[in-house]
Amino acid sequence: MTIQFDHTPAKKFIGDHEIAAMEPQVAAAARLLENRSGPGSDYLGWLDLPLKYDRAEFKRIKAAAKKIRKQSEVLVVIGIGGSYLGAKAAIEFCTPTPPLPQRGGRKKHFDVVFAGTNLSAPYHARILQAIGDRDFSINVISKSGTTTEPAVAFRLFRQQLEEKYGRQGARERIYATTDPARGALKTLATQEGYETFVVPDDVGGRFSVLTAVGLLPVAAAGIDIDALMRGAADRAKAYKKPFASNDCYQYAAIRNVLNRKGKDIELMVNYEPRCHYVAEWWKQLYGESEGKDGKGIFPASVDFTSDLHSMGQYIQDGRRSLFETVLEIESPETDFNLFKTSDDLDGLNYLAGKSLDFINKKAAEGTRMAHTDGGVPNLVIRIPEATPYYLGQLFFFFEKACAVSGYLLGVNPFDQPGVEAYKKNMFALLGKK
Ligand code: PA5
């Protein structure tokens, strides 16, 4: 089984001839990628990564993950943007956080928390408070090694670690993931002797989930990273096929057809809370890759059915510049049947014998019909189960489609010149020399 892209719900908005007309353009974009001759081609390391990754480093990642779980109850992952979203997405998707925090019990509980994703003092104070007297380790992740948010958080948490375990003890609990040669973090890690993992030179932050950037926190969370890589590798082979049998190319083509027809916002929709951060990861991937030169589809996301009660009105009736891409998980790992009551006071007996997932799926179907009638084209991505294997497939699907889509749009999908503007002002205001 594989993940599947289905554009049939959007048929009334896109003719087959329009899709067919994209074929030569997609073939040209795919050639630029495969021949490594397009803009940003120095950053195509992710393309073959699932098939050609560094086996020795992968083994070291698994060993470090095991060591972290043995030495600590909490792993503080410090990183921002592409240096945290993939790991956060994978952990939430594969081992979703229960709405009520788990406490104690006889089994030791292991938590992964994310710091350095913002500059909020109360946020970081709450993390420190939540760690309390539990043993913790740090995985600090920054490709450039110079990003302010994670650097500030690392200084804070390193100090706590050194106070608790001494400088030598702290060294044994700090894992750095950074550039192989450059940056302040690399210098610091070498000087202090931290165990270090590499962000390959030819893999940009938002394409780095299948390197140590994503893999170490994900493995430390107890998730099967072999399965994750296997899923990505399966799709890396499959998405070399020609347009007619290539879901990934078709998604890239269809979103560009919709964009050319005035649909300039893509809403990633889910009906399972575990997908929330997959959409956050996807937003960075597409937003940073395509939003430049005055162009690009604006990537946004909603969590249904919750957001049907807040954003539903706009989607149904507001400006007609939207299309939706719906993530659908076909088989949930658990389900409940609703029972019948003799008085039917809540009026729900018509649902007796139906499962919660069945009701959720009907909500999705009804919403798809309503939004389509309201002028919002719907695309669907079906995921057989919420497992690391299918998530690996999904990660690679979105990465390759993003690169092809960026070339169709005529931008360099691998740079992010716009991210520097706020930093320049912030550094000037902070008096950085
Ligand atoms: O995709 C990107 O390159 C960026 O969003 C980076 O991931 C983000 O700015 C963090 O950078 P770094 O890993 O260098 O700290």
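Keep in mind that what you see is a predicted model, and the values were worked out from it rather than measured.
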Determine, stepwise, if the pair E324 / L379 fulfils side chain to side chain contact (heavy atoms under 4.5 Å, CB included).
CA-CA 6 Å; E324 292 177 310; L379 309 172; over 6 Å; no
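- Between L75 and A220, the shortest heavy-atom distance links the atoms CD2-CB, 3.7 Å.
- Aromatic rings from F414 and F207 are positioned such that their centres are separated by under 6.0 Å.
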Step-by-step side chain to side chain contact (heavy atoms under 4.5 Å, CB included) determination, E290 to R255:
CA-CA 12 Å; E290 294 194 318; R255 61 195 297 282; 3.0 Å; yes
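- Ring orientation note: the planes of Y286 and F398 are nearly perpendicular, at an angle over 60° on the 30°/60° scale.
- At a threshold of 4.0 Å, the pair E18-K261 counts as salt-bridged, since one of the basic side-chain nitrogens sits closer than that to a carboxylate oxygen.
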For S144 and D179, run side chain to side chain donor-acceptor pair (under 3.5 Å): C-alpha distance rounded to whole Å, both residues' side-chain angles, the deciding distance at 0.1 Å, then the answer.
CA-CA 6 Å; S144 63; D179 186 272; over 6 Å; no
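- Heavy atoms of other residues, nucleotides or ligands lying less than 6.0 angstrom from NZ of K52 number 12 at most.
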Show, in sequence, the C-alpha distance, side-chain angles and deciding distance for D133 and K164, and conclude whether the salt bridge (Lys or Arg N to Asp or Glu O under 4.0 Å) test is met.
CA-CA 9 Å; D133 59 3; K164 190 164 174 161; over 6 Å; no
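- With F110 as the aromatic partner, R69 meets the cation-pi criteria of under 6.0 angstrom to the ring centre and within 45 degrees of the ring axis.
- Using a 4.0 Å cut-off between a side-chain N of Lys or Arg and a carboxylate O of Asp or Glu, R167 and E192 qualify as a salt bridge.
- The minimum heavy-atom distance linking P377 with A10 is given by the pair CB-CB, 4.1 Å.
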Please determine whether side chain to side chain contact (heavy atoms under 4.5 Å, CB included) holds for the pair E272 and N360, giving the CA-CA distance in whole Å, both sets of side-chain angles, and the decisive distance to 0.1 Å.
CA-CA 9 Å; E272 287 291 344; N360 201 16; 3.8 Å; yes
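- The backbone N or O of Y123 lies less than 3.5 Å from a partner atom in the side chain of S120, making a donor-acceptor pair.
- A cation-pi contact links R158 to F154, judged by a cut-off of 6.0 Å to the six-membered ring centre and 45° from its axis.
- To the nearest 0.5 Å, atom CG of residue N378 and atom OG1 of residue T8 are 10.5 Å apart.
- Both tests do not hold together for K263 against F323: distance to the six-membered ring centre under 6.0 Å, angle to the ring axis within 45°.
- The closest donor-acceptor contact from the side chain of D54 to the backbone of E57 lies under 3.5 Å.
- Judged purely by atom type and a 3.5 angstrom limit, N139 uses its side chain to pair as donor or acceptor with the backbone of Y175.
- Around the OH atom of Y43, the shell of radius 6.0 Å holds no more than 12 heavy atoms that belong to other residues, nucleotides or ligands.
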Give the C-alpha distance, both sets of side-chain angles, the deciding distance and a yes or no for salt bridge (Lys or Arg N to Asp or Glu O under 4.0 Å) between R182 and D201.
CA-CA 10 Å; R182 283 178 298 267; D201 272 340; 3.4 Å; yes
Evaluate the criterion salt bridge (Lys or Arg N to Asp or Glu O under 4.0 Å) for residue pair K67 and E172; output intermediate values, then yes/no.
CA-CA 10 Å; K67 183 172 160 208; E172 278 154 31; over 6 Å; no
Where do L128 and H124 land on the side chain to side chain contact (heavy atoms under 4.5 Å, CB included) test, with the steps shown first?
CA-CA 6 Å; L128 285 171; H124 288 91; 5.7 Å; no
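- A side-chain contact (heavy atoms from CB on, under 4.5 Å) with Q393 holds for exactly one of I383, I3, L228, T387; it is I3.
- With no hydrogens or angles considered, no side-chain donor-acceptor pair links H309 and D307 at under 3.5 Å.
- More than 12 heavy atoms of other residues, nucleotides or ligands shown are found within 6.0 angstrom of CZ on R134.
- Rounding to the nearest 0.5 angstrom, the gap separating the CG atom in L322 from the CD1 atom in I265 is 5.0 Å.
- Of the possible donor and acceptor atoms, one in the side chain of R320 sits under 3.5 Å from a partner among the backbone N and O of G374.
- Without hydrogens or angle criteria, Q284 side chain to G82 main chain gives a donor-acceptor distance under 3.5 Å.
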Salt bridge (Lys or Arg N to Asp or Glu O under 4.0 Å) for E195 and R60? Distances and angles first, verdict last.
CA-CA 10 Å; E195 175 153 19; R60 234 165 31 86; 3.0 Å; yes
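- A363 approaches T367 most closely through the heavy-atom pair O-OG1, 2.6 Å.
- The pair D357-K361 meets the salt-bridge criterion, with a side-chain N (NZ, NE, NH1 or NH2) lying under 4.0 Å from an Asp/Glu carboxylate O.
- Between D415 and K292 there is a salt bridge, with a side-chain nitrogen of the basic residue lying less than 4.0 Å from a carboxylate oxygen of the acidic one.
- Counted within 6.0 Å of CZ on R319, heavy atoms from surrounding residues, nucleotides or ligands total 12 or fewer; the atom is thus considered open.
- To the nearest 0.5 angstrom, L210 atom CG is 5.5 Å from E399 atom CD.
- Between E266 and P299, the closest side-chain pair of non-hydrogen atoms is not below 4.5 Å.
- Considering all non-hydrogen atoms of both residues, L409 and G296 come closest at CD2-CA, 3.7 Å.
- The environment of NZ in K423 is crowded: more than 12 heavy-atom neighbours from other residues, nucleotides or ligands sit within 6.0 Å.
- Pairing each heavy atom of K143 with each of G205, the nearest pair is CD-N, 4.3 Å.
- Note: T196 OG1 to L185 CG = 7.5 Å, rounded to the nearest 0.5 Å.
- Aromatic ring orientation, F58 versus Y53: tilted (interplanar angle from 30° to 60°).
- Legend: residues meeting salt bridge (charged side-chain N to carboxylate O under 4.0 Å, His left out) with D234, ordered by chain and number and at least two apart, are absent.
- Between T117 atom OG1 and I80 atom CD1 the span is 6.5 Å, to the nearest 0.5 Å.
- Using a 3.5 Å distance cut-off with no hydrogens or angles, the side chains of Q250 and H7 do not pair a donor with an acceptor.
- We find that R368 and E328 are joined by a salt bridge, their nearest charged nitrogen and carboxylate oxygen being less than 4.0 Å apart.
- Looking at Y251, W282, Y249 one by one, the single match for ring pair (Phe, Tyr, Trp, His ring centres under 6.0 Å) with F397 turns out to be Y251.
- By the 4.0 Å N-to-carboxylate-O rule, R235 lies too far from D247 to be salt-bridged with it.
- Of the charged side-chain nitrogens involved, at least one lies within less than 4.0 Å of a carboxylate oxygen, so that R274 and E333 count as a salt-bridged pair.
- Closest non-hydrogen pair, K240 versus E34, comes out as NZ-OE1, 4.0 Å.
- No donor-acceptor pair closer than 3.5 Å links the side chain of S245 to the backbone N or O of K241.
- Heavy-atom neighbours of K66 NZ from other residues, nucleotides or ligands within 6.0 Å: at or below the threshold of 12.
- Taking CZ of F197 as the start and OG1 of T177 as the end, the distance is 6.5 Å to the nearest 0.5 Å.
- More than 12 heavy-atom neighbours from other residues, nucleotides or ligands sit within 6.0 angstrom of OH on Y165.
- Around CD of Q168, the count of heavy atoms belonging to other residues, nucleotides or ligands within 6.0 Å exceeds 12.
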